[in-house]
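Quantities reported herein were computed from a predicted structural model and do not represent experimental measurements.
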Amino acid sequence: MNADEVLKHDIEQALLWDRSVDARYIKVTVYTNCVVLSGCVPNCAQKLAALHTARTAGRRDVDVRDLAARATGAFTCADAALAAAIHTTLDWQDVMRGHEIAIDVRRGRVTLTGRAKTGNQRDAAERLVRGMSGVVEIVNGVDVVRDRLVDAVERNIAAALRGCPPRELCNVDVDVRDGVARLTGTVGSLEKKAAASSAAWDTKGVRWVIDDLIVDQGQRIRSVGV
């Protein structure tokens with residue numbers, strides 16, 4: 001066998017041994033500089049898994065444009081039932097608390113719209129849906145809408161630390177959930193740590209502050225909001 005035939009065999013075996021992929025309907029074709037996967041798999045999660053396995057086994061570019069995600073047999077699911085399952089999955093995840101994501105399912109193709117509090121929440125929704133049986137494609141149209149309380153806390157902290165000299169500027173990240181503000185990042189002194197925490201406490205709507213700021217006097221960092 002030549003090099004392409006050997007690589008083709010190695011990738012086929014890797015896919016067959018990968019328990020996260022139903023490789024029965026995957027065809028592997030190897031050209032000099034590229035591996036092409038075609039055929040079909042039950043959902044988009046398996047398509048991504050097949051791509052990862054082929055890349056790991058072949059260490060070359062892998063083209064999966066002709067590999068379709070198509071729910072069949074035990075993997076088929078009525079659109080209404082799949083939409084209900086997605087709603088339940090998102091609602092039971094702690095990271096998704098307070099989301100305003102709408103779900104539309106048509107023939108296994110899921111469209112997410114609405115609003116998320118953070119980019120992490122938006123991406124988490126897509127990851128959760130991608131792994132569900134019956135999902136053949138995802139369109140993530142969710143907008144990230146910053147909590148107004150986060151903006152208020154950041155403005156107050158920026159005002160409290162405005163007098164910092166350049167070498168002692170601070171970098172503070174703010175997350176707010178249900179009125180609880182968590183401060184993370186690095187500041188230049190204990191005084192600035194106290195000032196940032198106090199500014200968060202003084203923000204209208206904040207009922208508790210978790211101060212996880214780290215003091216690092218030797219690190220030059222930027223000031224939030226300025």
Side-chain angles (χ1 to χ4, degrees), residues 1-90 92-96 99 101-144:
M1 291 191 295
N2 60 33
D4 285 352
E5 291 173 336
V6 171
L7 180 58
K8 178 177 182 293
H9 176 268
D10 290 344
I11 293 174
E12 287 174 338
Q13 290 301 305
L15 289 170
L16 288 171
W17 280 95
D18 187 344
R19 294 186 179 182
S20 65
V21 179
D22 181 355
R24 292 176 296 170
Y25 306 108
I26 298 178
K27 179 181 178 181
V28 180
T29 306
V30 178
Y31 301 99
T32 303
N33 295 313
C34 187
V35 176
V36 177
L37 303 184
S38 57
C40 67
V41 287
N43 54 50
C44 59
Q46 291 201 27
K47 182 174 180 177
L48 291 175
L51 172 62
H52 174 73
T53 298
R55 281 177 173 170
T56 302
R59 296 182 181 179
R60 296 191 189 183
D61 292 334
V62 180
D63 186 345
V64 293
R65 286 175 293 182
D66 293 328
L67 182 61
R70 186 180 304 128
T72 58
F75 294 98
T76 57
C77 181
D79 287 345
L82 180 55
I86 292 171
H87 274 293
T88 300
T89 298
L90 296 185
W92 277 83
Q93 304 298 318
D94 183 66
V95 70
M96 298 305 300
H99 78 83
I101 296 176
I103 300 161
D104 181 67
V105 182
R106 299 185 183 184
R107 297 183 179 180
R109 289 169 173 79
V110 179
T111 301
L112 305 178
T113 56
R115 303 189 301 176
K117 289 185 174 181
T118 64
N120 180 55
Q121 190 177 72
R122 177 194 59 197
D123 296 344
E126 181 175 337
R127 287 195 302 271
L128 290 165
V129 173
R130 186 187 297 131
M132 298 180 66
S133 297
V135 176
V136 299
E137 184 179 344
I138 301 174
V139 177
N140 192 344
V142 175
D143 293 324
V144 177

Close side-chain approach of I26 to L67, heavy-atom, < 4.5 Å = yes
Which value, rounded to the nearest 0.5 Å, describes the distance between K47 atom NZ and C40 atom SG?
-> 11.5 Å
Heavy-atom check, side chain of V28 versus side chain of L37, under 4.5 Å = yes
Non-hydrogen side-chain atoms of M96 and L128 separated by less than 4.5 Å = yes
For S133 and N43, which heavy atoms make the closest approach, and how far apart are they?
-> CA-ND2, 4.0 Å
To the nearest 0.5 Å, atom CG of L15 lies from atom CD of Q46 at 11.0 Å
Taking the side chain as every heavy atom from C-beta outward, state whether T89 and V129 have any pair of such atoms under 4.5 Å apart.
-> no
Please round to the nearest 0.5 Å and tell me the distance separating atom CG of L90 and atom CD1 of I103.
-> 5.0 Å
Rounded to the nearest 0.5 angstrom, the CG-CG distance for L112 and D143 is 12.0 Å
Ignoring hydrogens and geometry, is there a side-chain-to-backbone donor-acceptor pair from D79 to R107 under 3.5 Å?
-> yes
Counting only heavy atoms not in R115, do more than 12 sit closer than 6.0 Å to its CZ atom?
-> no
Out of curiosity, T111 OG1 to R106 CZ, how far, rounded to the nearest 0.5 Å?
-> 7.5 Å
Between the NE2 atom in H9 and the CD atom in E12, the distance rounded to the nearest 0.5 Å is 7.5 Å
How far apart are the closest heavy atoms of G108 and V105, and which atoms are they?
-> N-CG1, 4.0 Å
Smallest separation among heavy atoms of Y31 and V36, with atom names | CE1-CG2, 3.8 Å
Residue pair V21 / A49: nearest heavy atoms and the distance that separates them | CG2-CB, 3.6 Å
For C44 and A69, the nearest pair of non-hydrogen atoms, with its separation, is N-CB, 3.8 Å
Test applied, side chain to side chain contact (heavy atoms under 4.5 Å, CB included); reference residue, Q13; option that passes from L16, D10, I11 = L16
Name all residues meeting the side chain to side chain donor-acceptor pair (under 3.5 Å) criterion together with R109; count only those two or more places apart in sequence or in a different chain, and write none if there are none.
-> E137
NE2 of H52: more than 12 outside heavy atoms within 6.0 angstrom?
-> no
Flag, side chain of E126 to backbone of I138, donor-acceptor distance under 3.5 Å = no
